[in-house]
Amino acid sequence: MKNRHSRVINRYPAWKYVVLVVTLILLALSAIPTWFGEQPAIQVRSTEQTGTLSSIASINQLLVTNDITARQIDQQGDQYTIIFDNENEQSQARALLDGELSDTDTITFSYVSVAPNWLSNLGLQPIKLGLDLRGGVQFLLNVDLDTAFNEQRVAIADEVRSMLVEERIRGVRVETLGTDSLEIRAQSPEGMQAVRDFVRTNYQGWDVENHSRRLVVKPSEQFRSEFRSNTIAQNLKIMRDRIEELGITEAMVQRQGENSIRIELPGVQDPAQAKNVIGATASLAFHQVKSPSERVTRSDYVVQDNDGNDVVLVKRPVLTGEHIVNARAGVGEMGMAEVNISLDHAGGRKMSDFSSRNIGEPMATVYREYTTNVKGDTELNERVISVATIQSQLGSQFRITGAGSMADAQELALLLRAGSLTAPVTIVEERTIGASLGAENIKNGFASLALGLGLTLTFMLFGIAA
């Protein structure tokens, strides 16, 4: 018997039991945060802790006054984390704080662990739940590359016409050809050569074909492929920026197929705001206004204002939305909603140069948006939201009015901060997924884990006893 016992000890040395016990402890510790789970929360960051954000007590008082109960409020430096029991209270608190905070404050939706702090200090976090377990909303968007491509073709045609006017070259006609080409007819060889040199210098991805008394400008196959890839990549980045501006964390944005983008927003139960922002293609452009006495030319175009009046504009914009680096909604001196805009260095220089040469002249702010009609076709809608007289030289910061209500101004500011899409998108599929199936799967997962762990320990005990 003694020899047999010795053989058992040799077969199962003590260090193996130590390793087994340590492994079980680590597995149990890793599972505990997931057992406690996560709760919906709002993270508020403020650069000036005054008024509503002066203390935890002031935030709690504001919530209690509006019948909103916070499970927990924590503060770390200039950031507050407010934890709630459900998404409804989270959404109500977000709407309430939006009206109380200043433009410099930021609010982010998130989910935080409610496990004991000592587990978080050890670096142990709950398993992140995706759309299938947490619920939320999923969008499938189609990127209209044809419209984006046609916009570039129209821009090239406008640039060629502007060059001809500046160089005082007459007898040249620029027209669109088919779905992706331009046709240029000139009465003189000098005009043909000027157009040929201009396109080859400024638009290297476009080929210039010589025909009898005309030129055909069309994109190369390599340019088509690069344009498609770059447009999708830029739209993906802008979508991620927009979702970040909405304050939604743990979102997934990825390309699907050749011309589509799939977006998953876990934990979002009300997709209305996300849908409006994700699918919007709003942008701003600033144009010089022509005097009523001036003759309308092909380089001008007519856009209606908010009252339905025609405004004649120089077609080439002074500045486009790509130079906008920040935009915040506010209230002006007359109590009207306005959008305060900050430009990058290049945009500030352009605006400064133009305004210094046109003091006393009007400048229009044009709002552009793509929409989908009943037939499913993409349509461009433009309107002049404001016409202001330039009183002095402008720089990198100025403000515009005429965007509408404060809610309209806030949404426009959000879109301008996140960027304008390089190609219009259409939401072709929208799914709202409830979390009931996810909760059931999580419950079953824990039951399976407990059963498996129990069976493992039982077999271990039988092995030791044997």
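When reading the values below, keep in mind they use all heavy atoms of this one structure, side chains included, and skip hydrogens, waters and symmetry mates.
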Student: Nearest 0.5 Å, what's the OG1-CG distance between T389 and N358?
Tutor: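 Atom-to-atom, T389:OG1 and N358:CG are 11.5 Å apart.
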
Student: Does E151 pair with R153 as a salt bridge, N-O distance under 4.0 Å?
Tutor: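 Salt bridge absent between E151 and R153.
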
Student: Where the side chain of N202 meets the backbone of F198, is there a donor-acceptor pair that is under 3.5 Å apart?
Tutor: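 Here the side-chain-to-backbone pair exists.
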
Student: Please test E166 against R168 for salt bridge (charged side-chain N to carboxylate O under 4.0 Å, His left out), starting from the C-alpha separation and ending with a verdict.
Tutor: CA-CA 5 Å; E166 292 175 359; R168 298 182 179 180; over 6 Å; no

Student: Looking at residues at least two apart in the chain, or sitting in another chain, which of them share a ring pair (Phe, Tyr, Trp, His ring centres under 6.0 Å) with Y203?
Tutor: none

Student: Go through the side-chain N and O atoms of S352 and Q393 and say whether any donor and acceptor fall under 3.5 Å apart.
Tutor: yes

Student: Got a donor-acceptor contact below 3.5 angstrom from the R196 side chain to the V199 backbone?
Tutor: no

Student: Verify the neighbour count for atom CZ of R170: are there more than 12 heavy atoms of other residues, nucleotides or ligands below 6.0 Å?
Tutor: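 Check fails, neighbour count at 12 or below.
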
Student: Report yes or no: does S220 contribute a side-chain atom to a donor-acceptor pair with the main-chain N or O of G205 at less than 3.5 Å?
Tutor: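 Answer holds: yes.
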
Student: Counting the benzene-type ring for Trp, do W206 and F227 have ring centres under 6.0 Å apart?
Tutor: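 Not close enough - the centres of the two rings lie 6.0 Å or further apart.
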
Student: Could you check whether any side-chain heavy atom of I261 comes within less than 4.5 Å of a side-chain heavy atom of L236, counting everything from C-beta outward?
Tutor: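 Contact flag for I261/L236 side chains = yes.
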
Student: Specify the closest pair of heavy atoms between M192 and L215, including all atoms of both residues, with the distance to one decimal.
Tutor: O-CD1, 3.6 Å

Student: If you measure only the distance, is there a donor-acceptor pair under 3.5 Å linking the side chains of D74 and Q72?
Tutor: yes

Student: Looking at CE of M163 and CG of D158, how far apart are the two atoms once the value is rounded to the nearest 0.5 Å?
Tutor: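 One finds 12.5 Å between CE of M163 and CG of D158.
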
Student: Taking all atoms of both residues into account, what is the closest heavy-atom pair of R200 and Q204, and its distance?
Tutor: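 That would be O-CG, 3.5 Å.
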
Student: Provide the closest heavy-atom pair for L313 versus A364 in the form atom of the first, atom of the second, distance.
Tutor: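 Shortest heavy-atom separation between L313 and A364 comes out as CD2-CB, 3.6 Å.
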
Student: Show the numbers, then the answer: is there a side chain to side chain contact (heavy atoms under 4.5 Å, CB included) between N142 and I427?
Tutor: CA-CA 6 Å; N142 182 60; I427 298 177; over 6 Å; no

Student: Quick check against the 3.5 Å criterion: does R240 have a side-chain atom that pairs as donor or acceptor with the backbone of V253?
Tutor: yes

Student: Can you name the nearest heavy-atom pair linking G348 to L343, along with the distance?
Tutor: N-CB, 3.8 Å

Student: Is there a side-chain contact between H287 and M363 in this structure, where contact means two heavy atoms from C-beta onward sitting under 4.5 Å apart?
Tutor: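 H287 vs M363: side chains apart.
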
Student: Among all residues two or more places apart in sequence or in another chain, which pass the side chain to side chain donor-acceptor pair (under 3.5 Å) test with Q254?
Tutor: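 In terms of side chain to side chain donor-acceptor pair (under 3.5 Å), with neighbours along the sequence ignored, Q254 is linked to no residue.
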
Student: Between E159 and R316, is the closest basic N to carboxylate O distance under 4.0 Å?
Tutor: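 Salt bridge: yes.
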
Student: Less than 3.5 Å apart, any donor N or O on the side chain of N230 or Q234 sitting next to an acceptor on the other?
Tutor: no

Student: If you round to the nearest 0.5 Å, how far is CD1 of I68 from CG of L62?
Tutor: 7.5 Å

Student: Testing the basics here: between G191 and I169, what is the closest heavy-atom pair and its distance to 0.1 Å?
Tutor: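 Closest approach of G191 to I169: CA-CG2, 3.9 Å.
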
Student: Cation over ring, R71 on F84, under 6.0 Å and within 45°?
Tutor: no

Student: Any non-hydrogen side-chain atom of V428 less than 4.5 Å from a side-chain atom of F139?
Tutor: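 No; the side chains remain at least 4.5 Å from each other.
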
Student: Under a 3.5 Å distance rule, please check whether S356 uses its side chain to pair with a backbone N or O of D353 as donor and acceptor.
Tutor: yes

Student: Which residues pass the side chain to side chain contact (heavy atoms under 4.5 Å, CB included) test with N309, not counting sequence neighbours?
Tutor: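 Partners of N309 under the side chain to side chain contact (heavy atoms under 4.5 Å, CB included) test: D305, D307.
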
Student: With a 4.5 Å limit on heavy-atom distance, are the side chains of L319 and F354 in contact?
Tutor: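 The answer is no, as the side chains (C-beta and beyond) never meet within the 4.5 Å cut-off.
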
Student: Salt bridge or not for E175 and R173, using N-O below 4.0 Å?
Tutor: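 Yes.
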
Student: Looking at E382 and V366, what are the two nearest heavy atoms and their distance?
Tutor: CB-CG1, 4.4 Å

